[in-house]
Amino acid sequence: MLDSKTLRKETKKVSLSLKKRASDFDLDSYLKMDQKMRDLISTVEELRSSKNNINKSIASPEISENDKSDLISEVGTINKKLKESEQSLNELSEQTKKMSLEIPNILDESVPEGSSEKENVEVRSWGKLPKFDFEPKDHSELGESKGGIDFESAAKLSGSRFVVMKDGYAKLHRALKQFMLDVQTEENGYTEMYVPNIVRSDCLEGTGQLPKFADDQYKIENEEALYLIPTAEVPLTNLIRESILDQSELPIKMTAHTPCFRQEAGSYGKDTKGMIRQHQFEKVELVHIVKPEESYEALEELTKNAESILQKLNLPYRVMLLCSGDTGFSAAKTYDLEVWLPSQNTFREISSCSNCESFQSRRMKARYKNSDTKQTDYPHTLNGSGLAIGRTFIAVLENYQNEDGSITIPDVLMPYMQNRERI
RNA sequence: GGAGAGGUGGCUGAGUGGCUGAAAGCGCUCCCCUGCUAAGGGAGUAUACGUUAAUAGCGUAUCGAGGGUUCGAAUCCCUCUCUCUCCGCCA
């Protein structure tokens, strides 16, 4: 959500950003609605004010009974008008709020213009592409041939886009979670959190998944609408919702490992084979809550923290700055990390690191007390995967494969695998 | 799931229809006093929205949330919600 004052006073900047995103949001009708609403607020407040004044007179002890009943009937007329105006104000402000939740974040100036991922810009790359003296297989072939990855059983249980893993493969998958959490907490300064995997709709609204992306969420049938989390970003970031932090508490750096659930609506036909795109996957998430002036430094730091995992695993990757059309709804600026997948002979997204500025904190009503200005202000929130477990698992299988279909365990993971060297 | 108790400002805690945005204490900030590792005195100290150049004023709203009664509600009524205690069930 954007500040309504910003929308009013910096209309040009906002509409430029919307244009850059190719957003179909109708800023003009929003602004008209907003103006109408503010006019109504004035009317309502004036009525209330005069009502309050009359009530003060009624309460005064030296008023005569006659005057009193006159005043009471006067309030009666005001109340009638008030009720009408209040009702239309309620309707209007609800509409306005609903509309404001549909406005995407303003893009940072450094975001390149573009309509699709083709226009994303490579910022840097790391690692040497592996050379194989045999034809590298893809992860599903590798896993299925050894019985370590089982899509058929998963389909029996849950339908398409789920997976069952077995033995060394399941263990490797678990090793990755432990390894990532340990690096982020022991080396990169994050506090490990354990969080609910089911949240209220407010939380999804807070981080921006709702109302716009309802189709991608798993909603639980219940008295109150509850949702399976699509990412730990949701519970982690919402930890600060509806609160006023003290500046001394910032920056907050949190990490959590959770499963993530996504309907993948609209991705029919995309990555149907294998583990790349699943309805259920796991992720170690990184979240920063920072002072506004520090958020772009924090974005660089967070991205490097995510990269550190790939470097330790010795997986080649590149860092992409997303273009305007590819940058998510809540983000002002996003770096994607893309890991090398030999079977596809290309880089695939494995992490997405975003600065959401005050977009989410506004929606969540999360503020902090600035001890220099003594003002309450919105902190900036950032999030990134550090990393997606399933896709890292795929990358390890494919990059560490041997000709016989076995997988060499990366050195850093061996302690988590009882020192097994291969699976 | 059953029974009961309760949700007031950063915290503790008063307050049963108008003088309460809210006593008092604690904490915090600023100032004054004081030659000593302390104490005393004074002032200030919520959030949101509207108005505005303004984070100056002014107005409006907010005592868990929503609705009702009333000229007027933190105070009365209803619904919901959350927390706590006891019982049941249970990883």
Side-chain angles (χ1 to χ4, degrees), chain A residues 1-11 30-101 194-203 205-206 220 222-226 235 238-250 259 291-293 358 360-379:
Chain A
M1 183 158 56
L2 302 174
D3 182 16
S4 67
K5 279 186 190 162
T6 308
L7 289 170
R8 256 178 267 148
K9 294 184 179 165
E10 299 178 52
T11 312
Y30 170 82
L31 288 172
K32 270 180 203 152
M33 201 188 267
D34 178 65
Q35 179 62 51
K36 234 196 233 168
M37 184 180 76
R38 281 178 297 126
D39 291 346
L40 247 179
I41 288 174
S42 301
T43 336
V44 166
E45 288 188 350
E46 268 165 41
L47 286 170
R48 280 186 190 151
S49 178
S50 51
K51 175 179 161 176
N52 286 344
N53 284 331
I54 295 173
N55 275 329
K56 262 178 213 158
S57 313
I58 293 175
S60 124
E62 60 241 36
I63 194 167
S64 74
E65 281 305 313
N66 254 346
D67 290 347
K68 196 169 176 176
S69 63
D70 281 356
L71 289 175
I72 288 175
S73 70
E74 203 177 319
V75 172
T77 15
I78 293 180
N79 271 340
K80 248 189 208 162
K81 282 189 212 163
L82 239 186
K83 209 163 191 181
E84 282 170 32
S85 311
E86 276 176 339
Q87 204 182 342
S88 29
L89 177 60
N90 282 344
E91 284 165 21
L92 195 56
S93 64
E94 208 167 292
Q95 281 174 38
T96 313
K97 184 172 182 216
K98 211 171 157 190
M99 201 165 172
S100 74
L101 287 174
Y194 174 84
V195 291
N197 298 165
I198 298 176
V199 295
R200 292 187 221 270
S201 58
D202 295 356
C203 292
E205 194 176 295
I220 297 176
N222 206 340
E223 274 181 61
E224 181 195 8
L226 291 171
N238 275 282
L239 281 170
I240 61 160
R241 67 176 296 114
E242 288 156 53
S243 68
I244 302 178
L245 302 165
D246 193 274
Q247 182 175 309
S248 62
E249 296 174 72
L250 304 179
K291 287 188 274 180
E293 61 269 27
S358 60
Q360 295 181 322
S361 51
R362 244 177 250 288
R363 290 177 160 239
M364 293 188 297
K365 297 192 177 73
R367 284 148 297 166
Y368 81 103
K369 194 96 177 172
N370 185 321
S371 42
D372 304 322
T373 63
K374 313 260 188 214
Q375 296 299 307
T376 48
D377 197 2
Y378 292 98

[N] phosphate, OP1 or OP2: any side-chain N/O from [X] under 4.0 angstrom?
X	N	value
A:Ser49	B:rU60	yes
A:Arg367	B:rU47	no
A:Lys365	B:rU47	no
A:Arg8	B:rG50	yes
A:Asn52	B:rG18	no
A:Thr376	B:rA48	yes

Counting any heavy atom closer than 4.0 Å, what does [X] reach on the DNA or RNA strands: base, sugar-phosphate only, or nothing?
X	result
A:Ile58	base
A:Ser69	nothing
A:Lys51	sugar-phosphate

Hey, what are the protein-to-nucleotides 74-79 of chain B N/O distances that come in under 3.5 Å?
none

Handout entry: Distance, rounded to the nearest Å, where A:Met1 contributes CE and B:rA48 contributes C1'
Key =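 Nearest whole value for this atom pair: 12 Å.
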Problem - Contacting residues from residues 78-97 of chain A, given that a heavy atom lies under 4.0 angstrom of RNA chain B - result: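 Per residue number, the list reads A:Asn79.
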Exercise for the section: Answer yes or no: is there an ion pair linking A:Asp34 with A:Arg8, defined by an N-O contact shorter than 4.0 Å? Expected result: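 Looking at A:Asp34 and A:Arg8, the cut-off is met.
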Problem - Results of side chain to side chain contact (heavy atoms under 4.5 Å, CB included) for A:Asn90 - residues two or more places apart only - result: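 Testing A:Asn90 for side chain to side chain contact (heavy atoms under 4.5 Å, CB included), a comparison that skips the adjacent residues, returns none.
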Show the atom names and distances, to 0.1 Å, of all donor-acceptor pairs under 3.5 Å that link a side chain in residues 74-84 of chain A to residues at least two apart or in another chain.
unit_1	atom_1	unit_2	atom_2	d
A:Thr77	OG1	A:Ser73	O	3.3
A:Thr77	OG1	A:Glu74	O	2.7
A:Asn79	OD1	A:Lys51	NZ	3.0

Exercise for the section: Quick one: the dot-bracket string of RNA chain B, using Watson-Crick and G-U wobble pairs with both distances under 3.5 Å, [ ] for crossing pairs and | for bases paired to another strand. Expected result: ((((((((.[[[..)..(.....]]]((((((.......))))))((((((.....)))))).[[[[[..)....]]]]])))))))....
Practice task
Applying side-chain hydrogen bond (donor to acceptor under 3.5 Å, both in side chains), name anything that partners A:Glu242, two or more places apart in sequence or on another chain.
Solution key: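 So A:Glu242 forms no side-chain hydrogen bond (donor to acceptor under 3.5 Å, both in side chains) with any residue.
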